[in-house]
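Just so you know, ligand 1 is whichever comes first in the structure, and atom 1 is the first atom listed for that ligand.
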Amino acid sequence: MTDVVRYERDGAVAVITVANPPVNALGRAVRQGLWSAIDRFAEDDAQIALIVGDGKLFIGGADISEFGKPPLEPFLPDVCTHIERAPKPVVAAIHGPALGGGCEVALGAHYRLAIAGARFGFPEVKLGLIPGAGGSQRLPRLVGVAASLEIIPAGDPISAEKALEIGLVDRVADGGPRSAGLDYARELLAQNAPVRRVGEMPHPAADEAAFADARAQWTRKARGEIAPLKAIDAVELATRLDLDEGVAQERRLFLELMETPQRAGLIHAFFNDRKVSRLPEIKDVAPRSFAKVGIIGGGTMGAGIATSCLLAGLTVTLVERDEAAADKARATITGNLDVAVKRGKLSPEKLSPTLDALSTVTDYAALADADLAIEAVFEDMAVKREVFGRLDAVMKAGAVLATNTSYLDVNEIAAATSRPADVIGLHFFSPAHVMKLLEVVVADATAPDVTATAFALARRLGKVAVRAGVCDGFIGNRILFTYRGAADRMILQGASPWQIDEAIKAFGLPMGPFEMADLAGLDIGYMTRQRKAATRDPRDVVPTWADEMYHRGWLGRKTGKGFYLHEGGKAVPNKDIEPLLEAAREGHVQRTFDAAEIQRFYMAAMVNEAAKVVEEGIAQRPLDVDVTLLYGYGFPRWRGGPLHWADSEGLPALVSDMETWAEADPYFWQVSPLLKRLVAEGRTFASLNEEEGK
Ligand code: COA
């Protein structure tokens with residue numbers, strides 16, 4: 001027996017406890033421990049075995065840190081089959097999550113008891129994999145094809161109640177897993193319950209229509225991601241192969257996926273999700289309280305932030321200019337919460353108490369006892385400074401003063417108060433109650449516990465916080481501005497906006513830059529260009545066609561006409577812009593682009609600016625950029641993020657392409673010194689993520 005799996009007797013019951021903190025992952029020692037525990041159970045006079053997890057959950061899955069390394073025996077599929085082939089009954093009592101390999105161990109058992117609150121799922125597809133230890137073969141035998149096709153390709157966990165409903169578990173009980181599990185095991189003994197092997201159950205019926213539907217649905221949804229479709233193939237195997245052959249074929253698919261760049265990208269993203277909030281500057285720093293939140297401005301952004309805070313159970317006081325604006329903000333928030341109820345994000349009975357936690361006011365004095373204020377007013381420095389002056393006057397000592405600006409200088413805003421240490425940027429993304437990203441903009445004087453508060457708030461709101469430094473656009477919008485610029489440059493060299501959009505979607509983004517412009521409104525881009533006009537370098541490209549479209553009132557979706565014509569929910573290319581593009585192209589060397597070139601040009605621009613952002617310390621690590629682009633800009637998760645993508649493409653080749661493009665456009669393609677240094681030293685962005693103190 002190993003330390004991570006304990007074997008003890010409680011009367012006739014052999015209790016096998018997996019104790020491998022923090023999540024009882026199925027590393028090699030656990031697999032060995034389970035194997036020997038089953039051997040011991042087979043040999044001694046215990047009549048039934050109970051498998052439980054120690055701590056907060058049953059088993060969190062295979063040990064992800066072993067992925068990508070040579071697999072070590074005993075392999076998990078064999079362990080699960082070993083459990084299943086035990087000569088006496090085995091029960092699993094599951095509390096908390098049973099995920100991936102955890103669910104597969106449970107399926108290896110003969111009976112399954114869920115403790116209320118348990119969750120069951122196969123998140124492998126989210127890591128670019130499929131269940132690799134019999135899950136895709138046993139689950140369909142137990143619950144049928146339809147339920148398996150709902151669960152395995154999506155990777156989202158289901159509740160204990162749902163698991164009971166579909167037959168994944170035999171019973172749901174309250175109590176601790178050990179005590180409730182012992183009761184259940186004894187009850188089974190009293191009933192002389194037989195060994196009941198899922199693997200020996202008959203094949204599930206092959207429902208061809210269900211497979212065809214699932215394939216069509218996932219081809220659409222997965223946007224280039226392969227694992228969900230492979231998961232469907234694996235489930236199909238269960239309809240025709242016996243268990244051993246099915247498990248062997250499943251393993252073959254699993255190992256093939258293990259070698260893919262998609263698996264590497266998704267696991268990069270998995271670990272980054274956790275590393276992104278681990279910052280030396282807030283390690284062991286206690287956050288301040290943020291139970292009472294004040295929000296200034298009730299437009300789309302302010303109302304979205306208020307909604308997000310209310311959904312997280314915080315008390316919100318929203319300040320607007322006048323009664324009418326305050327009422328409008330309340331109506332927007334109420335509408336947002338209604339949608340949350342419809343989507344199952346808020347229970348209907350909680351709607352009224354949630355709304356009771358909102359006050360809409362017109363007087364800043366109402367913020368006197370707020371712990372945190374988030375300003376979301378018009379993007380104008382004078383207006384922001386005025387708001388911060390007023391907040392400074394009314395807010396209690398120790399309160400956090402945050403601005404939701406998306407590009408303005410947070411140091412300058414902080415200077416409008418007598419307490420710059422309490423000021424921070426909290427850049428939410430629209431719609432703020434939906435989008436997961438929160439850029440935490442740490443200004444020169446921001447106190448560490450204010451930064452810690454921002455990260456704690458993000459956690460509470462269910463968002464992913466990334467630390468950013470002060471510059472125009474912070475991490476995300478600054479990089480966006482550059483890759484949008486790359487798209488405009490391709491237009492000047494002969495590419496069409498529609499062709500660029502198609503290529504970018506084929507790369508895996510949900511939208512191309514011009515569709516995005518139509519969605520946001522072409523007035524937004526115009527305003528940004530106006531704002532930047534005074535400081536624009538004369539060598540920079542101005543998209544004259546977009547300015548002209550603005551002047552003609554072609555503002556995108558809201559006017560029905562932009563880069564596309566929007567009619568009846570459809571978007572077709574607006575060919576009326578072609579003369580504008582032709583005029584702009586005059587004097588530029590023309591060439592043809594294929595999709596791969598468009599993607600490389602666009603992504604290289606993203607990477608180059610990202611490298612500058614890292615070099616300047618605006619992002620502390622490459623992983624901060626990767627997380628920002630994944631959660632705020634639709635970068636495909638399976639590609640890991642732009643800098644992970646750059647590493648996997650190879651930095652030397654990427655830099656060499658940039659240098660070639662620089663011959664025609666030296667201003668735009670100023671290669672980041674950091675990139676050049678990494679190439680010279682034969683290093684990758686990943687190596688910077690590993691550096692000490694980062
Ligand atoms: N293998 C290895 N390490 C794992 C792991 C796994 N399957 N699951 C979690 N961890 C690590 C995390 O990286 C984290 O490490 P850190 O503290 O060094 O950052 C630690 O365990 C705690 O994980 P965290 O996610 O912060 O805990 P949680 O309580 O919020 O959530 C889980 C627990 C199990 C729900 C969640 O970790 C999870 O979803 N894990 C992945 C499950 C999975 O995909 N399993 C299938 C593998 S095929």
Side-chain angles (χ1 to χ4, degrees), residues 4 18-31 53-69 71-72 75-77 79-80 94-108 117-136 138-139 151-160 227-228 230-231 234 250-251 253-258 260 262-280 282-284 436 455-456 458-460 462-465 621 623 627 637-638 689-690 694:
V4 289
V18 179
N20 184 27
V23 299
N24 295 333
L26 293 156
R28 185 189 199 185
V30 173
R31 299 196 300 274
D54 194 30
K56 62 183 179 183
L57 81 173
F58 180 65
I59 294 174
D63 186 341
I64 299 172
S65 60
E66 286 182 356
F67 289 1
K69 300 177 188 159
L72 297 170
F75 304 136
L76 193 55
V79 173
C80 294
I94 299 120
H95 74 298
L99 300 178
C103 219
E104 290 174 307
V105 167
L107 287 169
R119 286 184 294 130
F120 298 82
F122 292 92
E124 287 88 345
V125 285
K126 302 199 170 182
L127 302 172
L129 295 166
I130 60 166
S136 69
R138 290 194 177 89
L139 189 72
I151 296 172
I152 299 182
D156 295 324
I158 59 167
S159 65
K230 293 279 179 193
E250 175 202 67
R251 184 78 179 165
L253 290 173
F254 175 85
L255 292 175
E256 264 172 37
L257 288 168
M258 190 63 93
T260 59
Q262 295 203 0
R263 192 274 307 158
L266 286 161
I267 288 188
H268 176 78
F270 175 86
F271 284 115
N272 284 352
D273 283 349
R274 287 152 181 83
K275 282 186 200 155
V276 72
S277 57
R278 214 172 294 143
L279 300 173
I282 56 170
K283 187 168 183 280
D284 302 326
K436 293 274 276 182
F455 275 82
R459 229 181 347 269
R460 178 74 182 260
K463 300 204 183 295
V464 178
R621 305 154 296 189
L623 71 88
V627 172
R637 188 172 170 86
W638 53 270
N689 284 333
E690 308 305 328
K694 292 265 168 115

- Query: For residues 53-66, which residue pairs qualify under side-chain hydrogen bond (donor to acceptor under 3.5 Å, both in side chains), counting only residues two or more places apart or in two chains?
  - Reply: Arg31-Glu66, Asp63-Ser65
Sequence neighbours excluded and cut-off under 3.5 Å, please list the side-chain donor-acceptor pairs for residues 265-272, or say none.
| unit_1 | atom_1 | unit_2 | atom_2 | d |
| --- | --- | --- | --- | --- |
| His268 | NE2 | Asn272 | ND2 | 2.9 |
| His268 | NE2 | Asp626 | OD2 | 3.0 |
| Asn272 | ND2 | His268 | O | 3.4 |

Extract all donor-acceptor atom pairs below 3.5 Å that involve side chains of residues 152-159 and protein atoms in other chains or at least two apart in sequence.
| unit_1 | atom_1 | unit_2 | atom_2 | d |
| --- | --- | --- | --- | --- |
| Asp156 | OD1 | Lys126 | NZ | 2.4 |
| Ser159 | OG | Lys162 | N | 3.1 |

- Between the side chain of Lys436 and the main-chain N/O of Gly462, is any donor-acceptor distance below 3.5 Å? yes
- Message: For Phe67, does the six-membered ring have the charged nitrogen or CZ of Arg263 within the cation-pi criterion, i.e. under 6.0 angstrom from the centroid and within 45° of the normal?
- Response: no
- Output for ligand 1, non-hydrogen cut-off under 4.0 Å, lists Pro22, Val23, Ala25, Lys56, Leu57, Gly60, Gly61, Ala62, Asp63, Ile64, Phe67, Leu99, Pro123, Glu124, Leu127, Phe270, Phe271, Arg274, Arg278
- Message: Nearest 0.5 Å, please: how far is CG in Leu99 from CZ in Arg119?
- Response: 6.5 Å
